[in-house]
Trainee: 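The structure is given below, and queries will be raised subsequently.
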Amino acid sequence: MYPQGIQLKLSEKDREDLQALIETDWNSDSTDLDTRASALKGWVRLWRAASDVNPVPEEEGSNFTIPLVLWQILNASAKELSALFGEDTDIIIKPRGKADVKNSEKVKRYMEWRVKSSLKLFKKYTDFVLLKRIFGSAIAYLAWKRKTRTVKELETKMVSTQVEDPETGLPMLIDKPETRPVEKEVVEFEGLDFTVENIEDWAVPKSAKSLESANHFIRRLTLSVEEILDLRDSGKVDKDIVDKDFIEDLYRTAETDKTDDSHPDVGKKARQEKEKLSGLNSMPIGRENLIVVLNWIGKFRLSEGEKKAERPEELVCFYIPSKNKMVGAARLVDIFPDGRIPFEKSDNIRDPNMFWGIGYAELLQSISDEMNCIHNITTDAGLQGVGPMGFYKPMSGLKGDKFRYEPWMMVPVNDPKNDVYFPPLPPANMAPYIALMPQLLAMAERLTGLTETQMGRQFSGPNAPRTYGQQALLQAESNTRLFLDLQMERETFSAILRRIWEADKRWLPKPVFFRVVEEDLEMTQDDFQGDYDFDIGPPTSQMNRQQAKQDLMQLYALALQNPLSAQNPAINLALSRAILDKFGYPQISMLLPDPEQMAPPQAAEYENAVLLQNGDVDPHPADNHVEHIAKHTNLRDRLKAQETLSPGFLSMMGMAQAVMNIDSHIAEHQQAMKTQGGSINMIGRGAPTSPQMNVGSANPAMPQMPRQDFGMGGSNPAGNPAQGQLASLLNSGGMNTG
């Protein structure tokens, strides 16, 4: 069970100092990030391909925006998500200790259920990757959440009802079933939730280089009153401050005030631009029912008597600017018991000296502006060719300020040839456009690593390679940049998976049941004690996935040529299951037997003993069929020879069907050789050791016969001459003689 947060009992001075520090940090950081706020606004416009990013000064000039940034972001995000979460990717479990290896498959299935079905992380990760590409950095909030909902279920109970006894007429009580709807609370989700942060609502000191090195950072949250109540119930805000009167005041504020107030706001410019480009009013008229809350996380020296403590504590505070009131203050470890800040940050292009990464909007902004400028100038030049410049006499009667070309137009003038003149203009010069646009596009491709073939387009250059081999080589090399980005993102994703596993180990109710294939498996408390690292892979592109399938088929073919693996059912089953899963046939893979449930192969001597007692035995996939056939044939021939010397001998011994059983079993071995590959089984190997071997007998290879009583003498050959004759026959020649 996740522990409830514990609020600090601050002194009045500490509360005032901490509240003043939060206000000062927010105002200072917002001022320091004002230039970045303007840049965020421009990057939002580039992401949305707004048509007036670089307008031509003329009133009616072209202001088209080439969506360079948009298509680069979309294609890069699509390729990254496809490589990370494509059809062939799965969660990779890396046990840290030998004792954890046996539960690896179980933990793998659990994490796949947790991530895909329970948390639905892959869908949320799409927003995470998009924001990283646009703004250069994306931050995920990973905190424990418990979501419940109320349902109605029909419940039947026995209710005592008073009725009249038909015989005596006296009242009596009888139990009758009564069905009533009952409201119950069910847990919809409990675990570490993944929420993508609004990057423009973060205020970080200018000197910070990472979340860990920042002495503080602030998140601007817009919460409903119900969400503030959830914070109170989980112990993140002080219940003594957020009491009934304060909640009523918050409801009134939420219904009347707007979130965009006069207080400093680091993300106001970018947020308003988003709303404008989405067709929303930046200052809504309707009720928003939201309260602005500042979540401050940083270090603060608490008081120890009359003096401050020597070392600062890492605190988590919640402050409502509109009320000028801090509603919660707690130590980090008292709210997040793992002692870590609940955030994971990923950068598009890392800047080692800066907190923020470099996004595609920032990277391609200058190229995008240049392409827009060239395009719009060329468009205006083309318009001049369609509508050339004209000259006219003021006294001719032509109103030039309102004159426009139209079909079948008649303009009355005194002398058309002399009063109005349109000199011929040369056609628009398209050479700069044709020469510069491909060069600018090539620069963008070199920066992002996304070439035309990476985006599914043909080469546009005149000397581009046309053969499949040449294009495959170029695309393989172009994937180098993509794999670099993928490797960085896999590190982030691995850290997120490990956080989920560690949180479930600590706080998830035990046991946890989860659906795997066609049975319910149970993750017990002991299963959660394992220590694992996690990864996701393989990071392959669509072209390389076909190569991965070919590599798997070659591995299977090589395994069949190795007698050690070819005669090992566990290896064969594992390879078969991997091939079926790779080609998308998990329903067939489920039908394969479990290697642990398969019986081990038996020695030919043991099979002979079973066949002599009219038992049934099937060839094992790992049998050396040639060796088994030779030993079975030897026994059959000796039995036939003894029957010829002593007619009725086999019937007297109760083995009249023995020869027929051996022949049938030999035929099964021969059929197995055809279906499993006789060339592999032709390789000689020593006879397998069987626990049924009678080591103390005259012939060490002679199996210990199951106990049977024949006649008066029982199993003693001296008391039963026929059995003694059979034992002499088998021991004299041995089952391996041939």
Trainee: Are Phe194 and Phe128 an aromatic pair by the rule of ring centers under 6.0 Å?
Mentor: yes
Trainee: Fit a plane to each ring of Phe122 and Phe493, take the angle between them on a 0 to 90° scale, and name the class: parallel (under 30°), tilted (30 to 60°) or perpendicular (over 60°).
Mentor: tilted
Trainee: Testing Arg146, Lys120, Lys124 one by one against Asp193 for a salt bridge (Lys or Arg N to Asp or Glu O under 4.0 Å), which residue passes?
Mentor: Lys124
Trainee: Please report the closest heavy-atom contact between Asp535 and Ser494, naming both atoms and the distance.
Mentor: OD1-OG, 3.4 Å
Trainee: Counting only heavy atoms not in Lys274, do more than 12 sit closer than 6.0 Å to its NZ atom?
Mentor: yes
Trainee: Identify the heavy atoms of Cys317 and Asn295 that sit nearest to each other, and give their distance.
Mentor: O-ND2, 3.0 Å
Trainee: Does Val69 reach the side chain of Gln72, with side-chain heavy atoms less than 4.5 Å apart?
Mentor: no
Trainee: Within the structure provided, determine whether Lys345 and Trp202 are in side-chain contact (heavy-atom separation under 4.5 Å).
Mentor: no
Trainee: Does a side-chain heavy-atom distance below 4.5 Å link Tyr360 with Ile134?
Mentor: no
Trainee: Tell me whether the count of non-hydrogen atoms from other residues, nucleotides or ligands lying under 6.0 Å of CE in Met354 goes above 12.
Mentor: no
Trainee: Looking just at side-chain N and O atoms, do Tyr110 and Asp527 make a donor-acceptor pair shorter than 3.5 Å?
Mentor: no
Trainee: Within the 4.5 Å heavy-atom criterion, are Lys269 and Ser38 side-chain neighbours or not?
Mentor: yes
Trainee: With a cut-off of under 6.0 Å to the ring centre and 45° to the axis, is Arg219 in cation-pi contact with Phe343?
Mentor: no
Trainee: Compute whether any side-chain donor of one residue and acceptor of the other, for Tyr2 and Glu190, lie under 3.5 angstrom apart.
Mentor: no
Trainee: Take atom CZ in Arg498; do more than 12 heavy atoms of anything else shown fall under 6.0 Å from it?
Mentor: yes
Trainee: Let's go through Asp338 and Lys505 carefully: what are the C-alpha distance in whole Å and the side-chain angles of both, what is the deciding distance for salt bridge (Lys or Arg N to Asp or Glu O under 4.0 Å) to 0.1 Å, and is it a yes or a no?
Mentor: CA-CA 11 Å; Asp338 57 359; Lys505 283 173 60 175; over 6 Å; no
Trainee: Say whether, by atom type as modelled, one donor and one acceptor occur between the side chain of Ser137 and the main chain of Gly357 under 3.5 angstrom.
Mentor: yes
Trainee: For the residue pair Leu68 and Ala444, what are the closest heavy atoms and their distance?
Mentor: CD1-CB, 4.0 Å
Trainee: With a 4.5 Å cut-off on side-chain heavy atoms, are Leu315 and Trp296 touching?
Mentor: yes
Trainee: Of the options Val333, Leu332, Asp334, Ile341, which is the one that meets Val316 in a side-chain contact (heavy atoms from CB on, under 4.5 Å)?
Mentor: Leu332
Trainee: Where is the tightest heavy-atom contact between Asn215 and Pro205, given as atom of each residue plus distance?
Mentor: OD1-CG, 3.6 Å
Trainee: How far apart are the closest heavy atoms of Gly267 and Asp201, and which atoms are they?
Mentor: CA-OD1, 4.2 Å
Trainee: Could you report the tightest heavy-atom contact between Ser234 and Gln4, atom names first, then the distance?
Mentor: O-CG, 3.3 Å
Trainee: I'd like to know if the side chain of Thr65 reaches the main chain of Ala49, judged simply by a donor and an acceptor atom lying under 3.5 Å from each other, with no hydrogens or angles considered.
Mentor: no
Trainee: Above 12 or not: heavy atoms from other molecules or residues under 6.0 Å from CZ of Arg446?
Mentor: no
Trainee: Can you check whether Arg114 reaches Leu508 side chain to side chain, under 4.5 Å on heavy atoms?
Mentor: yes
Trainee: Hey, mind stepping through Asp533 and Lys94 against salt bridge (Lys or Arg N to Asp or Glu O under 4.0 Å) and telling me if it holds?
Mentor: CA-CA 5 Å; Asp533 287 328; Lys94 300 178 181 179; over 6 Å; no
Trainee: Under a 4.5 Å cut-off applied to non-hydrogen side-chain atoms, are Tyr532 and Trp501 in contact?
Mentor: yes
